[in-house]
Trainee: 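Quick one: the structure is below, questions incoming.
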Amino acid sequence: MVTRYDPQASEAKWRSAWDQADLFKTISPEDAGDMPKAYVLEMFPYPSGKLHMGHVRNYAMGDVVARYKRATGHNVLHPMGWDAFGMPAENAAMERNVHPSEWTYQNIDAMRAQFQKLGLSLDWSREFATCDPEYYGAQQALFLKFLESGLVYRKASKVNWDPVDNTVLANEQVIDGRGWRSGALVEQRELTQWFFQITKYADDLIDSLETLDRWPEKVRIMQGNWIGRSQGATFRWPLTGNPVAGYEDGIETFTTRPDTLFGASFVALAPDHPITRELAKTNPDIKTFIEEAARIGTTEEAIETAPKLGVDLGLRVKHPFDPSWEIPVWSANFVLSTYGTGAVFGSPAGDQRDLDFARKYDLPVKPVVLPPEEDAASYKIDKEAYTGPGTIYGSDFLDGMSTEDALPAAIAKLEELSLGEKTTTYRLRDWGVSRQRYWGCPIPVIHCESCGIVPVPEADLPVRLPDDVSFDKPGNPLEHHATWKDAPCPKCAKPARRETDTLDTFVDSSWYYSRFAGADNKAERSYWLPVDQYVGGVEHAVLHLLYSRFFARAMNEVGELDLPTGEPIAGLFTQGMVTHETFKSSQDKWLEPSEVEQQGENWIEIATGNPATVGPIEKMSKSKKNTVDPDAIISSFGADVARWFVLSDSPPERDVEWTQSGAEGAARFVQRVWSVFDALTDSDSPAIGTDEASVAIRRASHKAVEAITKAIDEFRFNSAVATIHEWVSTLKKASGKDAATLGAEFEGASMLARCITPFMPHLAEECWAHLGQDGLVSAAPWPKTDNTLLVDDSVTLPIQVNGKRRGEIKVAKTLSKDEVEAIALANEEVASFLAGKDIKKVIVVPGRIVNIVVA
RNA sequence: GCCGGUGUGGCGGAAUUGGUAGACGCGCGGGAUUCAAAAUCCCGUUUUCUCACGAAAGUGUCGGUUCGAUUCCGACCACCGGUACCA
């Protein structure tokens, strides 16, 4: 009798069986023997309270790897936790008057329940949330170690200040120059902030990128660009006439092109360069210019369209290589005070930006690099600067050199003249981590009027967040708290004040992988790290993944880690998003897919009967109303269907479009798999036959296992899915039809159950149990293939005539080239294409193809 | 602008050392089963021409290398992502 698989009944049953067997618990390093370790980690979620399909895809992929590694004999660490500090909890507190802690822990409970329904092979015993005092206390201890080693420091710096909410905002929280919550115009304020000295490792962070051979190229390039190392020279331009106070030695500029120094026609300072600001005090034109430049700002679109603006400061400098040559000093809006020295020299022929500026203000343009195959007498620069390589000319001692050789020659000369030296500049800046927020990790220091900044003694950690806070007033609730910030100085015991800044939440996620590996056990951390396979979204390519690399290095330095490479993540996979179609009403409002209906070619809004339009396929988001709730999918189809669907079709690194019909297809396939097993009612494993039909079935199974294994190893889950589809079709055609092949069918089914376990673990257990196999399939080893079944005795070769397929022959694998050629030439199908033609050549590629070349 | 990626049927995509293009899934068309439906199963489905047997063209465009190119090389086009007055 044919039965159907019931996901609702089965899934819960098998999950509790896994729990009872404590199957996914990590084995301690001592007990693991010579098992290789595999640390499989997915980027831990923010506890928003609700799982979305993106989570399902992310964690399904990680689970495939974790389950596969377990089946192939690895000691697997596959943990889960919560990235739980951050603004949404404070927003909830302000909007709904719930405590951030309460809101967060409730969300965690809700999401944990959802996660558990997915049947992920997680070791929950290592779970933590970053807002647990144990976690942020350990983070505070780490902070103090960094402070002691000089990896953390305090300095005044410019920050985005929201004057309504009275808080610093991260760059991401400033939208079009306004605070994302208050809508107030954001000001630049100079505040004293805490910084991590990430630039200390700039060279190592960039150089080590090439050792990360299991990271996507894309991410490595993005990090390289972000760190932005450029090599060049820093040197001074002596001022003529009355020197500006503090600049008696001249104005310092940075350049990557000292070879073009003889093409210099101006020096330009940033609008907020100290000299510019000083001169503005007495010169109204300069003052106006600074204001104008500040008004345009440096937002993305502003830069796109903003004109080059400048003002002559009236100063003159001497050319470093020719003191008689005077060059004007300008201030220009394209010079950034935050990069290099905040001052540049313009060599217009060799730089488009300098050229635009020179043309606008009628400054000289003197080419000094002659492109190959140009003539010095006739070569001219018009509207396009030449930035490529060439021969230096019109440049005194550099004349005749290649640009490549002139570069070190010019630097050597600057050094000889004691005007400057070779330097390296980075785009990367130290990481400002101070936030004036409540729901974050308190910075564990005390400010004492006599002793200065005093670390909180380790015995007093964690510095706990106070529970009794109010969010009525804008700004930092820790600042407003009546007593929290009062603390005696640990050194002199006089009344002092606690630091009220908390740490950027990116800090929390920069070392959590290490906490999972071993909370208070360095040896255990050494055993597990680095993460063997990390899976997450590409949106973290720079920030989170760069910060994590920094933290591992810093933790190494303070003795918290023993990671020889300094790289915490050996393998990274960035998965694509889950997208869904969008709909809009006739009033241009987004509609949920359930609110529309297709009638013939057109879509209508069900409620009103008005026409609706189909929008683009986009990432699922609440605002576009194109989300699909995983809970709803799990209750109607089961977790296996949700997992299977998000792993099918699209390659894992690309986006996958969620479709109802695709989900139904996945549900159909689950039943199809079950029907293969359902047909095998004899639960005694019968002997495997050696007849032709049995061997054919066995070949299909063993080849499928081989292909699936390779696909999982290479992160090509969609290919594994396709192979499983084909395999199931083959088995279904045979299953239960012929007693002679029953043994082969049983073997295939038993292999199939194990191969689908990483994808559809609940179904796999039900199938495994139905076959009468021992134990849980989640604990079973990966099937082994018999190599003799992977190769065929005979092979079908296509025959081409002049590269076009004209026929095929089936030949024994052992035939020689000549024998194959003879058979091919005698083939009836190709005869008509050879008739009356000269055979020029016959190419036989053993096991592949025969090509007959005729004239 | 610069850097990177991707272009293959109606759609998602296979083809991973240069060797049968379109596996597998979705959709669509036809059929079987059924009183009927659901479910399931089978067949077909790149385009054009042909009653058919077949033939020709075809992997963004144009060219090249090769017996043979989705794959290698050159030039270009489109889309997606990242990034930017970075000196």
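Within every chain, numbering begins at 1; the chains are lettered A, B, ... in the order of the sequence lines, protein sequences first and strands thereafter.
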Trainee: Taking the nucleotide of RNA chain B with the closest heavy atom to each, which residue, T723(A) or T338(A), is nearer the 5' end?
Mentor: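 It is T723(A) whose nearest nucleotide is closer to the 5' end.
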Trainee: Checking all strands, does V335(A) fall into the base, sugar-phosphate, or nothing category for heavy-atom contacts under 4.0 angstrom?
Mentor: base
Trainee: Looking at R668(A), I'd like to know whether one of its side-chain N or O atoms comes within less than 4.0 Å of OP1 or OP2 on G25(B).
Mentor: no
Trainee: Without decimals, in angstroms, what is the distance between Y386(A) OH and G1(B) P?
Mentor: 19 Å
Trainee: Given C86(B), G82(B), A87(B), which nucleotide is nearest the side-chain atoms of S230(A)?
Mentor: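 Of the options given, the side chain of S230(A) lies nearest A87(B).
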Trainee: Given the C1' atoms of A15(B) and U71(B), what is the spacing between them in whole Å?
Mentor: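 So the two C1' atoms sit 10 Å from each other.
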Trainee: Rounding to the closest angstrom, what is the interatomic distance between U46(B) and U59(B) at atom C1'?
Mentor: 11 Å
Trainee: For nucleotides C80(B) and C72(B), find the distance between their C1' atoms and express it as a whole number of Å.
Mentor: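 It works out to 25 Å between them.
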Trainee: When all nucleic acid strands are considered with a 4.0 Å heavy-atom cut-off, which category describes F833(A): base, sugar-phosphate, or nothing?
Mentor: sugar-phosphate
Trainee: Taking the side chain of Y339(A) as heavy atoms from C-beta outward, which of A23(B), C86(B), A14(B) is closest to it?
Mentor: C86(B)
Trainee: Can you tell me how far P in C67(B) sits from the matching atom in U48(B), rounded to whole Å?
Mentor: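 One P to the other, the span is 35 Å.
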Trainee: Testing Q575(A), K619(A), M577(A) one by one against D655(A) for a side chain to side chain contact (heavy atoms under 4.5 Å, CB included), which residue passes?
Mentor: M577(A)
Trainee: Tell me whether the count of non-hydrogen atoms from other residues, nucleotides or ligands lying under 6.0 Å of NZ in K422(A) goes above 12.
Mentor: no
Trainee: Please determine whether a side-chain nitrogen of the Lys or Arg among K810(A) and D792(A) lies less than 4.0 Å from a carboxylate oxygen of the Asp or Glu.
Mentor: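 No.
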Trainee: Measure NE2/H540(A) against P/G81(B) and give the value in whole Å, please.
Mentor: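 Result: 18 Å.
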Trainee: For A57(B) and K804(A) - does any side-chain N or O of the residue sit under 4.0 Å from the phosphate oxygens OP1/OP2?
Mentor: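 True: K804(A) side-chain N/O within range (under 4.0 Å) of A57(B) OP1/OP2.
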Trainee: Using the C1' atom as the point on both nucleotides, what is the distance between C49(B) and C43(B), in whole Å?
Mentor: 24 Å
Trainee: Among C85(B), U16(B), C86(B), which nucleotide has an atom closest to any side-chain atom of K710(A)?
Mentor: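 Side chain of K710(A) sits closest to U16(B).
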Trainee: Kindly say if N718(A) contacts the phosphate of A14(B), meaning a side-chain N or O under 4.0 Å from OP1 or OP2.
Mentor: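 Affirmative; the distance criterion is met.
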Trainee: Rounded to whole Å, please give me the gap between NZ in K732(A) and P in U40(B).
Mentor: 9 Å
Trainee: With both distances under 3.5 Å as the test, what is the Watson-Crick or G-U wobble partner of C76(B)?
Mentor: G60(B)
Trainee: Quote, to the nearest angstrom, the C1' distance that separates C3(B) from G63(B).
Mentor: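 Comparing C1' positions in C3(B) and G63(B) gives a spacing of 27 Å.
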Trainee: Would you classify S648(A) as touching base, sugar-phosphate or nothing, given that sugar-phosphate means primed atoms plus P, OP1 and OP2, and contacts are heavy atoms under 4.0 Å?
Mentor: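 Touches nothing.
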Trainee: Counting only side-chain nitrogens and oxygens, does R806(A) get under 4.0 Å of the OP1 or OP2 atom of G68(B)?
Mentor: no
Trainee: Students often get this wrong, so: under 4.0 angstrom with heavy atoms, is G228(A) touching a base, only sugar-phosphate, or nothing?
Mentor: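 G228(A): no heavy atom of the nucleic acid under 4.0 Å.
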Trainee: Please give the distance between the C1' atoms of C73(B) and G81(B) as a whole number of Å.
Mentor: 27 Å
Trainee: Could you run down the sub-3.5 Å N/O contacts of the protein with nucleotides 3-9 of chain B?
Mentor:
none

Trainee: Which way is the base of G31(B) turned, syn or anti, if we draw the line at 90° from 0?
Mentor: anti
Trainee: Take atom P in G58(B) and the same atom in G25(B), then report the distance between them in whole Å.
Mentor: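 Result for the P pair: 29 Å, nearest Å.
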Trainee: Is it true that, when you exclude R429(A) itself, more than 12 heavy atoms of the residues, nucleotides or ligands shown sit nearer than 6.0 Å to its CZ?
Mentor: no
Trainee: Enumerate all atom pairs, one protein N or O and one N or O from nucleotides 19-21 of chain B, separated by less than 3.5 Å.
Mentor:
{"unit_1": "U20(B)", "atom_1": "O2", "unit_2": "R805(A)", "atom_2": "NE", "d": "2.8"}

Trainee: Considering only heavy atoms and no angle criterion, is a donor-acceptor pair shorter than 3.5 Å present between the side chain of K840(A) and the base of C67(B)?
Mentor: no
